[in-house]
Each structure stands twice: as C-alpha cells, then as structure tokens.
Amino acid sequence: MVEPLSSATGAPPDARFDIGPERYPRLHAAVTVPIPMSDGAVLSADVLRPGDRSGPTAEPLPALINFTAYNKMINRHGMRANRALRALAGRIPPSDRARMTARDVLRTPAGGVLEPFAINRTAVSRGYVGLMVDVRGTGSSTGTWDFFGPREQRDYLEVVGWVREQPWCDGRVAVTGLSYGAIAALVTAGLRPEGLAAVFAIEAGENPVRELGLTGGVPTPGMLAWILFVHGAGRIPALPGLVRNGLLGHYLRDRITARSDWLRRAIRIAVSIDHPDGYLNPEWAARLAHFEEIDVPTWIHGGWHDVYNRSNFRIYERIPVAPGAKQILVDDSYHLTPGSGFGDPGNPQALDELQCAFFDRWVKGIDNGIDGYGPVTVRRQGDGRWIRRAEFPDPATRVRRLYLTADPSGTASHAAADGGLSTAPTDTEYSLTVPTGRVSAASNNTAVMTMGVALLFGDRFGNDDRRSEATALTFTSAPLETDTVLSGPMNLHLLAAVDGTDAFWSVTVCDVSPDGVSAPLTRGALLSTLRATDSADSYYAEGELLFAMHPMTADSALPVTPGEAFEIDVEINPTEALLRAGHRLRVAVSPTSFPRHLIPPWKRRQIAGQRILLRPDRPSYLSFRAFGGD
C-alpha cells in the first residue's frame, strides 16, 4: 500500500495517494429514478450504491452528482465495456509524449477517464453514492432542454436538495463531470447549495459561447453537430423505467410539444446579418458560472489542445479558494483524451483514483496529502515532462517581443509567404496580402474540433501544420541557440488594412524542428470588428499586453474603414512548451481555419483584400513569456 504523503512536504506530479481498498464487494444500480422538480418536470437519474450480496448498504454515504445532456442510458451501456476497454488500451505501448500521438489517443481509456465521465465506480466501491442525472429535455428527463439556462440552473439546486434528503445520503455532496457535466458542476458550485463539499471539473469552459460557440467572433460548425447530437440522444429514452414510474406519457408529450429551438437558433445565428446572438450579450452571460462565488475545494482539469483551453487558468484564478484546496492540472490532451497515460510510471495517478483521493480529502476529511499536490501541475509540450509549481505562468519567464518581418526564413517554401520573426522591427515598409483559397483540413485545428480523433489519421492532422500553412502567411524565427521554455498566453499585435469592411484572423503558433515539421503549440482567432479591448480584464506583464479580453458585444464593435490601417490584438491561448536548441518559433496567419471557424456568407462578402502592414514606426509583433534561448 502507498503511504499517504504529508501535505507539508508537497507531492510531485506522479504522486500516488492512498484511496484504500474497496470497502464494498458489490455495486447496486437503480436506473431511471425520478427526481421531481418544482415546476412539474421530472428528471431521470441513475443511482449507484455500494453494498454486498444482500443489497445496498444501509449506511448513509456522501453523494457524487454528475449532470449530463448526453443521455445517461448511453453512458450506462458504454460503462459495461469499460473494464475490458481499459485493459485493452493499457496494452498499447505509450509514446514519448513530446506530442500526443494516435497511440496516446487509443490509450486514453487506460487512464481511468471513463469512470468520472459517468459514475466513478472506483469511488463508489470505497464509500460513496454515485448519481448521473439527465438534465431536463435530454435522455429520459421531461421538460425542454435549454443548456445552462436559468431553469436548468434551478434544477441543479433542487437535485442537490433532493439527494441530501434521501436516506442513503449523509448530507454531504460533491459535483463532478466532464465537458457539459464539468460546466454544470461549476455552475452548481457558484450557486452555493447547502451541503456541497467539493467540485471536480474535467475540461470545463469559463464561457462556452465565447470559446466554442463564437470562436473569435464567428460561429463554430461543430456547434450544429453538438446540438443535433443532444437532440438525437434525447429521443432514445429508457422506456422500461419511464413505464415503471408512470412517466412515459409525460415524456412523450414533452418531446412532441416542447419547443427547444436551439437548432433553428444556431442556423439563424450563422445566416442572419448581425443576429443579436452572434455577439456576447446578457442572455449568454446569464448561463455562466459565478466563479467568484465558489467557496469549496475545486479541481480544474484541462488540456492544451482542448476546445476550452483558453479558460483553464482564468477559471482557476477567479475561484477564491486557497491553493491546495483548489488545484489545476493541464495535460497536452484533447477533449476526448483526458487522462491518457495516467497511472503509468512518471505520470499522475489514474484519473478515477485522483478524483477519489480529492473527494476523500475534501468530502470525507481524510488527510491523504492531496492538498500538497500542485497546486499548478502541467505537462510541458516538446518533452512531455510534468511540471509542478505554485503559479502559472512560470515566474522565471520574462516578457519578450519578436517582430514580424518580410525577410524570408528559408524554412517555409510550402507556405503562401515565408517571413521572419526578429528581435528588431523591420526597417522597410511592406504590405503582405493574406491569401484566400480553401484551407487544408490537415491541421491541428481539425484535431481540436474532432477532440483528438483526427490524430488517428496521422501527424498531419495534429502534429504537423505544413499543409494548412500553404494558405497562410508564416513568420519564422532564426534557430534558437539554447533550449527555450514558453509559458503563459501570447498576444499577436498586428497593423492591418483591408479593402472590405471586416477581416478574420486565425493564428497558430508552432515549434519548427530542424527537419521542417511545424508542430502546433497553441492558437487564437479574432474578427476585426470585435477588436475592442477591455483593459481592466486583460492580462499584462511587465507593462506588456499578453492576453487581450475583447467584450465581443454588439455595442463594442468597431468599424473597419476600407484602405485605412488599424491595429488589432489577437489573444493566443496559454501554453507551456519547450523548444529545443536549433528549433524555431513560427506564427502562421490565415483568414480562416476550417473546421474550427465558419465565416457566414454574409460576413465573407464584407471581407476583401486582407493585409498585414509591416512598418518601422508601427510594428507588428508577437508578445510572450519565455526563458532561455538567449
């Protein structure tokens, strides 16, 4: 047995926390359990309780709640294959994890993620009750789906209250989940329900509409597919349970008559000129978590290539809980690959066990040392090394600027233009036209939007962006003289001009190796008319803007005058990466990046003659934090 670590000594990233043996030999499931809401809707839950051959234990236990929009019945059936899938995935040899590869995608189930995605049986067998609840209008729940809306948020509180009243619950509750469930967990925590003891959120977003729905100010095609999936899964009910509980008629009536208009609404946002919901607005804001109100221990788990990478550290910083009680762990993973490699030597503990240990500490009060973990734990891109520190970005880094120049680097003959990144501004004026044409789907953006699945088709769909750079302006530095570490967000400041009345900027930052591979590290995007910056909410270091917060509201939109130069700051998502000596840093700029961004036809008609201007007196440059490489 691994001895518990003392919180005084600190715990390295590969620490193993004692979760004890299984206390109960059997798990007992009650499916399609009805939970009545105050407005007459009935939510459907699966409840998993520990016990023995005679049945569930009569001992009241803490409860772990996971809200889902993806139909718990599908998750339930999938979990039946979890053990076999986990064992099979564990037989696949790991990579060196300098970059996530196809092998690492296939190994994901071995890291234990499927347990906290549904109901964590590892925790239940050690003395918890697990619940998975279909949010209203999805799965086998009645009502109308309105993601994270005011009524759904009230449901979260009522479910917590109902659970605490059950004889099998001792009054202590934790909320957890992955993606939708993680966001719901944080929303719940921000409402401060009585009895809530802890949160474990895997791949949550601070502002899902900003980050995924309207990335950079334009719609994301994946949102339509997501809405279709939720609606489709919501029409596969657990019929025996609905019949048993006398709810089939209620369910059918709601599905036939309920007007969940999200599909039509998403289409209108994409095709309507200046649709109000094509901007951030008070209605979108009402769906967000109140992070400053969260007062319980919280674990934030993210990935550098997750669709919500933009906000991991913003969530962490906004939660006013002491480090140790709040933790953040960021891997080099994608949305469907959290926990890949966990449990292997040199890597964090398996994800289901980490979650169990976190809840043991903060729900049950067991001093297992996990409060000495991190509180910031990141896997560094470039060498796969796990780093533990007290803050992010790395305090050893200093702010740097690299200026965009038209001087060829000699490394990007495949690109539409091969420019340079220099420590000094250009001494000659240039105007570089951003190329038009179809952008290759062989890119890291495809891997991000397929949540890592595209990596199965080769490195060109995630780890080498040269094909997509064929329709991009690239700016590449000289070879680095020593190893260099990048840490934190970045900002691309451009002086630009257009012949139309708008322009879109998609930016990718890459690590270019001596053999020419252009490995993406992070990315950003922005519509020119949404370039207004909220200085009070932006991140500065040493007086330099490193992460611009754009209000992205209709009122904050700034006009673009054809032919007139304007400045724009494109925020680039945080990362931590090692660039080896001899490698180069590259910035690639293109006018879109399918399938991440969808420029609506009406907006495309406004975009023409998009140019980056390079001038000595008004330079364009990349700002970032780094150490080494001098």
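The shown structure was predicted, so the numbers you read here are calculated from the model rather than taken from an experiment.
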Under 3.5 Å, is there a donor-acceptor pair between the [X] and [Y] side chains?
| X | Y | answer |
| --- | --- | --- |
| Trp505 | Ser528 | yes |
| Thr529 | Asp502 | yes |
| Tyr403 | Arg401 | yes |
| Tyr279 | Asp274 | yes |
| Glu544 | His493 | no |
| Thr553 | Asp555 | no |
| Thr522 | Thr575 | no |
| Arg523 | Asn444 | yes |
| Ser468 | Ser440 | no |
| Ser340 | Asp104 | no |
| Trp226 | Tyr70 | yes |

Does some side-chain heavy atom of [Y] sit less than 4.5 Å from a side-chain heavy atom of [X]?
| X | Y | value |
| --- | --- | --- |
| Leu336 | Thr108 | no |
| Val512 | Val517 | no |
| Val230 | Thr138 | yes |
| Met100 | Trp304 | no |
| Phe461 | Ser443 | no |
| Pro616 | Pro425 | no |
| Leu186 | Phe291 | yes |
| Asn463 | Leu455 | yes |

Hey, could you give me the [atom1]/[atom2] distance between [X] and [Y], rounded to the nearest 0.5 Å?
| X | Y | atom1 | atom2 | answer |
| --- | --- | --- | --- | --- |
| Leu585 | Leu421 | CG | CG | 6.0 Å |
| Met552 | Arg531 | CE | CZ | 14.5 Å |
| Leu578 | Asp511 | CG | CG | 8.0 Å |
| Arg310 | Asn207 | CZ | CG | 8.0 Å |
| Arg615 | Leu495 | CZ | CG | 5.5 Å |
| Thr501 | Arg605 | OG1 | CZ | 11.0 Å |

Checking side chain to side chain donor-acceptor pair (under 3.5 Å) between Asp464 and each of Arg460, Arg466, Arg467, which is the one that passes?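 Testing each of Arg460, Arg466, Arg467 against Asp464, the sole residue satisfying side chain to side chain donor-acceptor pair (under 3.5 Å) is Arg466.
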
Picking from Thr426, Leu404, Leu432, what satisfies side-chain contact (heavy atoms from CB on, under 4.5 Å) with Ser620?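 That would be Leu404; it is the only one of Thr426, Leu404, Leu432 passing the side-chain contact (heavy atoms from CB on, under 4.5 Å) with Ser620.
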
Using the side-chain contact (heavy atoms from CB on, under 4.5 Å) rule, pick out the option among Val560, Ile568, Val218 that qualifies with Leu527.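 Considering Val560, Ile568, Val218, a side-chain contact (heavy atoms from CB on, under 4.5 Å) with Leu527 is found only for Val218.
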
Considering non-hydrogen atoms only, spot the tightest contact between [X] and [Y] and give its length.
| X | Y | value |
| --- | --- | --- |
| Pro551 | Arg210 | O-NH2, 4.0 Å |
| His597 | Ala525 | NE2-CB, 3.5 Å |
| Leu545 | Ser623 | O-CB, 3.9 Å |
| Ser179 | Tyr308 | OG-CE1, 4.5 Å |

Does the salt bridge (Lys or Arg N to Asp or Glu O under 4.0 Å) test come out yes or no for Arg103 and Asp96, once each step is laid out? CA-CA 10 Å; Arg103 276 189 293 169; Asp96 61 9; over 6 Å; no

Salt bridge (Lys or Arg N to Asp or Glu O under 4.0 Å) for Asp332 and Arg99? Distances and angles first, verdict last. CA-CA 7 Å; Asp332 69 339; Arg99 313 274 180 233; over 6 Å; no

Quick one, Thr476 with Thr474, criterion side chain to side chain donor-acceptor pair (under 3.5 Å). Give me CA distance, side-chain angles, the key distance, then yes/no. CA-CA 6 Å; Thr476 311; Thr474 62; 4.5 Å; no

Indicate yes or no: does [X] engage [Y] in a salt bridge with an N to O separation below 4.0 Å.
| X | Y | answer |
| --- | --- | --- |
| Asp277 | Arg265 | yes |
| Arg586 | Glu469 | yes |
| Glu542 | Arg625 | no |
| Arg380 | Glu576 | no |

Can you confirm whether or not the ring centre of [X] sits under 6.0 Å from the ring centre of [Y]?
| X | Y | result |
| --- | --- | --- |
| Tyr180 | Phe148 | yes |
| His231 | Trp262 | no |
| His301 | Phe342 | yes |

Looking at Arg389, I want to see if its CZ is surrounded by more than 12 non-hydrogen atoms of other residues, nucleotides or ligands under 6.0 Å. yes

Is the number of heavy atoms from other residues, nucleotides or ligands within 6.0 Å of OH (Tyr540) greater than 12? yes

Begin from the C-alpha positions of Asp331 and Arg97 and carry the test salt bridge (Lys or Arg N to Asp or Glu O under 4.0 Å) through to its verdict. CA-CA 10 Å; Asp331 197 358; Arg97 284 308 287 270; 3.4 Å; yes

Checking Gln610 against Thr433 for the side chain to side chain donor-acceptor pair (under 3.5 Å) test, could you report, in this order, the C-alpha distance in whole Å, the side-chain angles of both residues, the deciding distance, and whether it holds? CA-CA 6 Å; Gln610 186 171 334; Thr433 301; over 6 Å; no

Under 3.5 Å: donor-acceptor pair, side chain of [X], backbone of [Y]:
| X | Y | answer |
| --- | --- | --- |
| Ser538 | Met549 | yes |
| Thr484 | Thr482 | yes |
| Thr377 | Leu329 | no |

One pair to check against salt bridge (Lys or Arg N to Asp or Glu O under 4.0 Å): Glu283 and Arg287. What are the steps and the verdict? CA-CA 7 Å; Glu283 182 182 347; Arg287 301 171 187 274; 3.1 Å; yes

